[in-house]
Every structure is written in C-alpha cells, then in structure tokens.
Protein chains: 2
Amino acid sequence: MKLTASEENYLKAIYHLSEGASKSVSTNDIAAEMKTKPASVSDMLRKLGEKGVINYRKYYGVNITQEGKKLALQTIRKHRLWEVFLVEKLNFAWDEVHDVAEELEHIQSPLLIQRLDAFLNYPKFDPHGDPIPDEFGDVKARPRIPISEMEIDQSGQIVAVKDSSAAFLRYMDKVGAYIGARVKILDKVEFDGSVEILVDQKKSIFMSKDVASNILAIQS
Amino acid sequence: MKLTASEENYLKAIYHLSEGASKSVSTNDIAAEMKTKPASVSDMLRKLGEKGVINYRKYYGVNITQEGKKLALQTIRKHRLWEVFLVEKLNFAWDEVHDVAEELEHIQSPLLIQRLDAFLNYPKFDPHGDPIPDEFGDVKARPRIPISEMEIDQSGQIVAVKDSSAAFLRYMDKVGAYIGARVKILDKVEFDGSVEILVDQKKSIFMSKDVASNILAIQS
DNA sequence: AAATATAATTAGATATAGCTAAAAAAATAT
DNA sequence: ATATTTTTTTAGCTATATCTAATTATATTT
Ligand SMILES: [Mn+2]
Ligand SMILES: [Mn+2]
Ligand SMILES: [Mn+2]
Ligand SMILES: [Mn+2]
C-alpha cells in the first residue's frame, strides 16, 4: 500500500483522533485537525476507504484498520525520528521541529529511516516525550498522568507534554520546566485547579490547571 | 519567488542543460532530462516563464534568468548537502544517495539547510566531487578535465565523476577508482581512445574512452 | 520554392487535492 | 411525530502535473 503525502497526513490525524477515544472519528473532527473543510475530508475518506486503511460508512464516521494503523505508526515513527535528529544533531529548539518534521516524514526511503535510527542510537522518545514506534509499529507505552491530576506532596518526573505547540513549548522553556525534570506538587487551588510545583528541588512554578493538564509525568 | 517541487526539478534540469552550452535549451532536451513528454514541458515552460525564472519564447527554447539561476543553485546546494549527509553521517554508498537527495532537496526550511551545512562542517564538494554552492549561489569552480583528455605519463588526481548514475559509480567501486585517488596515464590506444591508468602508484586499470571521459581529474 | 520531416504547442483527458454552495441524512428539540 | 438544527455528502469549480493525439511552426531536403 503506497500513500501520498496528503493521505499520510490524514491517516495520521485519524490515528491520533482514534487514540483514547473508543468510538468512530467524525468528518468534522478530522477537518478541524487537518485545517481543511469537511467537504475535502469526505472526499479523502472515500479514497482511504478504497485503499483499505480505514473502514468508512458514509455518515457514520471512520475507524482505522489494522493496516491503516500500521501505516500511520510508520509515519509517526519517521516524524519523531526526524524531530530527534533536528534537536540532537542540528541544535533545533524543541518548539522549532514540528513543521520541518511534518515535511521530512514523507520522504520515501526505508534505508534512510533505518540508518537515521541507528545514527541517533535507536531513540525511544522524541523531544516532546512521545514514544517512537519501532519498525514494526510497536510502541512502548509508558504510564503517564497530567500533573493536574497529581496530589499535593506527590513527586514525579516530567516525561512528556500533551500540547506540542510552539507557544506551549516556549512557555515551558520560559518557566524552566523540561522533559526529565523532577517535580513535586506543592499546592493545588481547589477553586480553579491551578497548581504550584517544585522543579528539581529548587524552583517553584505556579501554573493554571490548563497548563498543568498538558504536562505529563510518571509518579515516583 | 516560491516554486513547487516539480518547478524546482524542471528549473534544475534547465540550469544543468544550460551549463556549458551557449545557446537556448530545447523542449525535447528538457523532456529527455526530466523523463517527461514534450507536451508537459511546454506547459511547465509557460509557468516558469510567467514566474520570471526563465525567458521563454515559444518555439525558440529557453534561457534561464539570473533569478532562475539563483533558485536553481539553491536547490542544487540542498541536493548536494543532503548527499554529503547521507554518505558521511548515514553511511550510504555514493551510488545510493541520488534518489533520496532528489526528494530531500525540496524540504522548505532555510534554518534546516543552514544548520545542516554547519553540522557537516561546511563541505565544499559532494560525494561525486561536484561543488556545493554557498548560500548566495556562488560556486567555487575547480579546473577539471576528463582523464580521456590527459596525455601519456601525465599525473593527476580524480576529483569528480561526470556521470553520477548508480551503474557508473558501482563500476568505479569495482575497479577501485575513487574521488581523491592519484592517477597516472600509462597508455592510450590511438584506435579507440581507451586508456590504461595507474591508481595510487599500484593498481593499473584499463578502461574505454567512454569511461575515461566520465572521470574528471586535476592535473599535477 | 515546395515538399517533407522534425520539433513544439495546443486541445482534451486523467488524477490529486483543495474550495464553496447546495442537497441529503442524522441528530436533536419541540 | 414533526420540525429544526447539525453534520455530512455531493456537485461543480480551481489549480497542479501528467499524458495522448492533433495541430501548427520551424527546419531540412529535394
Ligand atoms: Mn506531514
Ligand atoms: Mn513530537
Ligand atoms: Mn528533486
Ligand atoms: Mn551529487
């Protein structure tokens, strides 16, 4: 099964929207995610359905097939490997990599990805803490919870961000929160869910619930 | 001026066909180079003409403009930098890099290329000995002659290949000829122009004129 | 100079990928 | 159970990039 760059992008979006959610993915949701119009999505769904990477019943949304999942994970693998390359080797900031990786992920060359993976020493996570699927599409899931859901006095380590937008990542940089940082919940405001955390036993950061819910940690 | 990947490929082809040749480039030649049909070329020439990167007079072929030349050299720069990356960092063989570079060269990110250039330590030549234009499109030309034009007993150093096809490069590997090798012309056959050369003062290679004309050297 | 051959362009298709506007189906509210 | 709203699809249009077949312009022969 060979997909165009555009088909790969849609399939990836469908995969992401499927994750967690148990029911079908809707046309409107895909359109929002892809920043296209629902009419364009309907057209693409017909094509992806014909290619067998999704199950598509008109008016009832789509479910990704096993084949589709595998292909989506291949694209995600490439995207994340390139992100690691950009940060580790080319000194990109973690908020600068997404758009370039969005292009690089479509380069067709299994050898390239195999060699890139080796060159990067088989990284397991991308710069945002997201796991890199292996060449068979297997992902090592790591239990992670938003720090908004941790209790006062609990400790943990930041392992990922849920929102990888440049704006959010720059906020992280600004307040000194980063992947790998040790954190402890100092206080939680009942009223609005905002949180005060201690980073690396020295720096205290106060953040809204919205922010806290986008920082993922493993408890310790 | 923003070009599509396809436009960049055509412009690069036109640039290459222009090099050396003093007159306009013909539709048929471009079609042959691009492996498309002349009809497709006519269409593209109209578009490139409208964008001002070529001067196009129907039925009389094209000449690349200054603007076009600059853009073509940017694409060539990217292509060659990626080739260096693939060979130097990812251990690709020099006959495996072209097709992948042909895709990578279209990634749009000035920062990426600037950083890649630095990461590779500002290489001046690609794995086939071709010069890498700088960010302003300036190329350091090196005098180089096909070894078919060298005289008996003359010495030199292989600096590039004219033909970068996988087939030719694998032939080079097979006979042990490589960029950087010291060569001396041992014999030339008057009848058909074939040549015997000594590589690195130890290995003698006999080759047809066709082959010899595709190996470029600087005399010493 | 006219006939012929070659080269290049145009006309008309196809395929991808996007859009707006209209129509139809499904979901929700009365 | 209807009516209304929301969602989704279809129809029709635009743009890119390719093709084949037909046409036209230029170049070469005779
Ligand atoms: Mn993408
Ligand atoms: Mn990422
Ligand atoms: Mn290319
Ligand atoms: Mn090269």
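First the proteins, then the strands, lettered A, B, ... as listed; each starts at 1.
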Using only side-chain N and O atoms of B:Ser40, determine if any of them is under 4.0 Å from OP1 or OP2 of D:dC19. yes
What integer distance in Å separates B:Glu7:CD from D:dT18:P? 10 Å
Note: chain A reaches DNA chain C at heavy-atom distances under 4.0 Å over the stretch, first to last nt, 5' to 3', of C:dT16 to C:dA26
Tell me, which of residues 56-65 of chain B have any heavy atom that sits under 4.0 Å from an atom in DNA chain D? B:Tyr59, B:Tyr60
Pick from A:Glu105, A:Glu19, A:Glu33: which one makes a salt bridge (charged side-chain N to carboxylate O under 4.0 Å, His left out) with A:Lys12? A:Glu105
Give one of base, sugar-phosphate or nothing for B:Ser6, where a contact means two heavy atoms less than 4.0 Å apart. sugar-phosphate
Can you confirm if the aromatic rings of A:Tyr15 and A:Tyr10 lie within a centre distance of less than 6.0 Å? no
Among pairs that include at least one residue of residues 206-219 of chain B, which meet side chain to side chain donor-acceptor pair (under 3.5 Å), considering only residues two or more places apart or in two chains? B:Gln154-B:Gln219
Between D:dT16 (P) and B:Asn9 (CG): distance, integer Å: 16 Å
Looking at A:Arg77 and A:Asp117, is any side-chain nitrogen of the basic one under 4.0 Å from a carboxylate oxygen of the acidic one? yes
Any residue of residues 23-34 of chain A with a heavy atom less than 4.0 Å from an atom of DNA chain C: none
Can any side-chain N or O of A:Ser18 pair as donor or acceptor with the backbone N or O of A:Ile14 at less than 3.5 Å? yes
Atom pair CD1 (B:Ile107) and NE2 (A:His106), whose distance is rounded to the nearest 0.5 Å: 8.5 Å
My understanding is that only residues two or more places apart in sequence, or in another chain, count here; which of them pass salt bridge (Lys or Arg N to Asp or Glu O under 4.0 Å) with A:Glu7? A:Lys51
Using a 6.0 Å distance limit plus a 45 degree cone around the ring axis, check whether B:Lys70 lies over the aromatic ring of B:Phe136. no
For A:Pro133 and A:Pro131, work out which heavy atoms get closest and say how close. CD-O, 3.5 Å
On the six-membered ring of B:Phe92, is A:Arg115 placed so that its NZ or CZ lies under 6.0 angstrom from the centre and within 45° of the ring axis? yes
Tell me which residues in residues 42-51 of chain B put a heavy atom below 4.0 Å from DNA chain C, sorted by number, or none. B:Ser42
Let me confirm one number: the CZ-CG distance from A:Arg142 to A:Asp130, rounded to the nearest 0.5 Å. 9.0 Å
Plane angle bin for B:Phe85 and A:Trp82 - parallel if under 30°, tilted between 30 and 60°, otherwise perpendicular: tilted
Between A:His98 and A:His79, is the ring centroid distance below 6.0 Å? yes
